[in-house]
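Written out below as structure tokens is the structure these notes cover.
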There are 2 protein chains.
Amino acid sequence: MDVGLQAKYQARAQVLKALAHPSRLLIVDQLAAREHSVAELTALVGADISTVSKHLSILKTAGLVNDQRRGKQVFYSLRTPCVLSFFGCVETVLQAKLDSQIRLVR
Amino acid sequence: MDVGLQAKYQARAQVLKALAHPSRLLIVDQLAAREHSVAELTALVGADISTVSKHLSILKTAGLVNDQRRGKQVFYSLRTPCVLSFFGCVETVLQAKLDSQIRLVR
DNA sequence: TGATGATTTGGTTATATTGCCAATAATACG
DNA sequence: CGTATTATTGGCAATATAACCAAATCATCA
């Protein structure tokens, strides 16, 4: 693959990789409604707080979320709401896959 | 995390994971224009044909592409064109990240 | 059938990701 | 200050991904 092309797709892949984890998708979904502290997200995800913190760091590095410290807490918010539009298409993909699987059985 | 919720996000993550690789993004981009044989895609990606075949298998399992054998060749096509809309948003994310990095320097 | 071309599959190694625990910041407050 | 609360970082073990080569499959045609 051409090196310039590779750089372009590598950068894009980095963003998608950041989204490609169940816990991180849940986090993004929650942030769609409103900002949340790390502790709140930890309760929702149901993992160790250090694990959630690392997930948030990945989302932040990818440019998907913002963090803002207020007192002892750090609040995360969605930076680029357009990612929410992914979910609809992903559901379409899943549905299409399911349909074809059903078609095979019949 | 609740088990039902987990299943939902796991399925979604599987689709995004399938997209989260530079070579697979290149493939999807190429398939946006027209169907391609494995050999054609291999030339574009610039990896071993077995590697490309495995990438295609991942995209297929995720429900993102269709395959159709015609003679000795197998042609892959995009199954759910809505994924192309991801690229625009991903570029937005990358641009926003770049902007904030520039802002930090100044 | 045997040979050839196109693709997939199996196996192996290298690298990356994930999740937890422990230790370290950062903040608030008595 | 000393302590409690919230979050991040370092380190490690387990698991998952990725790439290549070699071998197997599938289709065509002499």
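Using a 4.5 Å heavy-atom cutoff, the side chains of Phe86(B) and Val90(A) are in contact. Looking at Arg12(B) and Asp29(A), their side chains come closer than 4.5 Å, going by heavy atoms from C-beta outward.
The side chain of Ala47(A) lies closest to dC20(C), out of dC20(C), dT8(C), dA6(C). The Ser50(A) side chain lies nearest to dA22(C) when the options are dA7(D), dT5(D), dA22(C). In the set dT7(C), dG11(D), dA7(D), the nucleotide with an atom closest to the side chain of Ile49(A) is dA7(D).
Leu44(B) and Tyr76(B) fall within the same hydrophobic cluster, defined by Ile, Leu, Val, Met, Phe, Trp and Tyr side-chain heavy atoms under 4.5 Å apart, directly or through other members. With hydrophobic clusters built from ILVMFWY side chains whose heavy atoms lie under 4.5 angstrom apart, Ile58(B) does not share a cluster with Ile49(B).
Among the atoms of the strands shown, only primed sugar atoms or phosphate atoms (P, OP1, OP2) are found under 4.0 Å from some heavy atom of Ser37(A). Looking at heavy-atom distances under 4.0 Å, Tyr76(B) makes contact with sugar-phosphate atoms alone, never a base. Contact annotation for Arg24(A): backbone-only contact, meaning every heavy-atom pair under 4.0 Å involves sugar-phosphate atoms and none involves a base. Among the protein residues, Lys54(A) comes within range of the nucleic acid bases, having at least one heavy atom under 4.0 Å from a base atom.
The separation between His55(B) atom NE2 and dA18(D) atom C1' is 7 Å, rounded to whole Å. Between Ile58(A) atom CD1 and dA16(C) atom P there is a gap of 14 Å when expressed in whole angstrom units. Rounded to whole Å, the distance from CZ on Arg69(A) to C1' on dT6(D) is 7 Å. Residue Lys72(B) contributes atom NZ, which lies 12 Å from atom P of dA27(D) at whole-angstrom precision. Straight-line distance from the CD atom of Gln68(B) to the P atom of dA6(C): 18 Å, rounded to whole Å. We find that CG of Leu26(A) is positioned 16 Å from C1' of dG19(C), with the value rounded to whole Å. Protein atom CG of Leu56(A) is 11 Å distant from nucleotide atom C1' of dT8(D), rounded to whole Å. At whole-Å resolution of the value, CG in Leu41(A) and C1' in dT8(D) are 15 Å apart.
Ring pair His55(B)/His21(B) is tilted by interplanar angle, where 30° to 60° counts as tilted.
At dC20(C), one or more side-chain N or O atoms of Thr51(A) fall inside 4.0 Å of OP1 or OP2 (strictly under the cut-off). One finds a side-chain N or O of His21(B) lying less than 4.0 angstrom from the OP1 or OP2 phosphate oxygen of dA19(D).
Map Ala20(B) and Thr42(A) each onto its nearest nucleotide of DNA chain D; the residue landing nearer the 5' end is Thr42(A). Mapping Asp48(A) and Lys17(A) onto DNA chain C via the closest heavy atom, the residue that lands nearer the 5' end is Lys17(A).
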